[in-house]
Amino acid sequence: MRIGWAITGAGHLLSESVEILEKLANNHEITVFLSNAGEEVLKMYGLYERVAKITGGYYRELAIDRNQRFSYPISGRFSLGKYDLLIVSPTTSNTVAKIVNGISDSIVTNVVAQSGKGRVKTLIVPVDIESGDVETVLPSKLELEKCTGCDVCEASKSCSQNAIISKTEIDLLKCIGCEECRDACPFGAISAGKLIDIHMRDIDIENTHKLILMEGITVLNNPNEIKDYVI
Ligand SMILES: Cc1cc2nc3c(=O)[nH]c(=O)nc-3n(C[C@H](O)[C@H](O)[C@H](O)COP(=O)(O)O)c2cc1C
């Protein structure tokens, strides 16, 4: 199959999505579309290189929002029916809100809109599905209560990106999720992959319910369900 796979800036379900994407790329032609936040968040979780690695060649591009202009010409491929399937996983509450309101102002919302116009089946895995609290994973984080404020910070010294400059927090926009800092700190003051509970807002759950009712879109609970739709 020829597939478009769009990634937005959600940390939740991100590594699970990348795992399925890698598997499908062995047997299918996949173009990857990244929102600007998708690109940043993939880097923070150390997953960007894995996604870049599976791309290369016509219809196997890595299409990043910041490299497009305002009209997103690449999304026209979907209205022309060049793809068999569009997958958006993971999908932030922001992108879901825009889709249900018919807004197309990013590479991801544009490929979804054009898929609707070209009747390309679209699978969406939103991160906000059910009310209540959900456990999610954080990128690298400086745990201040464990930091002893060493004169020479080993974590900072080990960082190839100079992402720990202040000894108060990691600059996630510089971080590439390599986790060298976690291994370097003798006091265990850097965590990576810490789990926290986040509350699902009613507005985001309502938008997911609206998404379920949209023509041409199938909403999935988990990236693992994607395989059932790929022949
Ligand atoms: C580390 C990190 C993790 C994030 N995880 C989520 C998430 O799980 N769900 C979500 O809706 N937004 C999450 N965000 C916020 C989105 O990236 C942000 O709302 C962004 O503007 C979404 O843009 P997009 O929908 O165009 O990708 C996260 C941000 C950061 C920095």
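Every number for a ligand or one of its atoms is a count from 1 in the order of the listing.
Nearest protein heavy-atom contact of atom 5 (N) of ligand 1 is Gly11 N, 2.9 Å. Closest to atom 13 (C) of ligand 1, if we only count protein heavy atoms, is Gly9 O, 3.3 Å. Scanning the protein for heavy atoms near atom 27 (O) of ligand 1, the closest one is Ser35 OG, 2.7 Å. Of the protein's non-hydrogen atoms, Val127 CG2, 3.5 Å is the one closest to atom 9 (N) of ligand 1. When only non-hydrogen protein atoms are considered, atom 19 (O) of ligand 1 lies nearest to Asn94 CB, 4.3 Å. In terms of protein heavy-atom proximity, atom 30 (C) of ligand 1 is closest to Val41 CG2, 4.0 Å. Looking from atom 20 (C) of ligand 1 to the surrounding protein, the closest heavy atom is Ala37 CB, 3.6 Å.
Closest approach of Ile103 to Thr109, counting heavy atoms only: O-CB, 3.3 Å.
Among the atoms of Ser106, none of the N or O lies under 3.5 angstrom from an N or O of ligand 1. In terms of polar-atom proximity, defined here as any N/O pair under 3.5 Å, Thr92 does make such a contact with ligand 1. Here's the thing with Ser93: one of its N/O atoms is less than 3.5 angstrom from an N/O atom of ligand 1.
Near Thr95, meaning under 4.0 Å from one of its heavy atoms, ligand 1 places the atoms 24 (P), 25 (O), 26 (O). Within ligand 1, the atoms closer than 4.0 Å to a non-hydrogen atom of Thr8 are 27 (O), numbered from 1 in the order shown.
Across the listed options Gly177, Pro139, Ser140, Pro139 owns the non-hydrogen atom lying nearest to atom 1 (C) of ligand 1.
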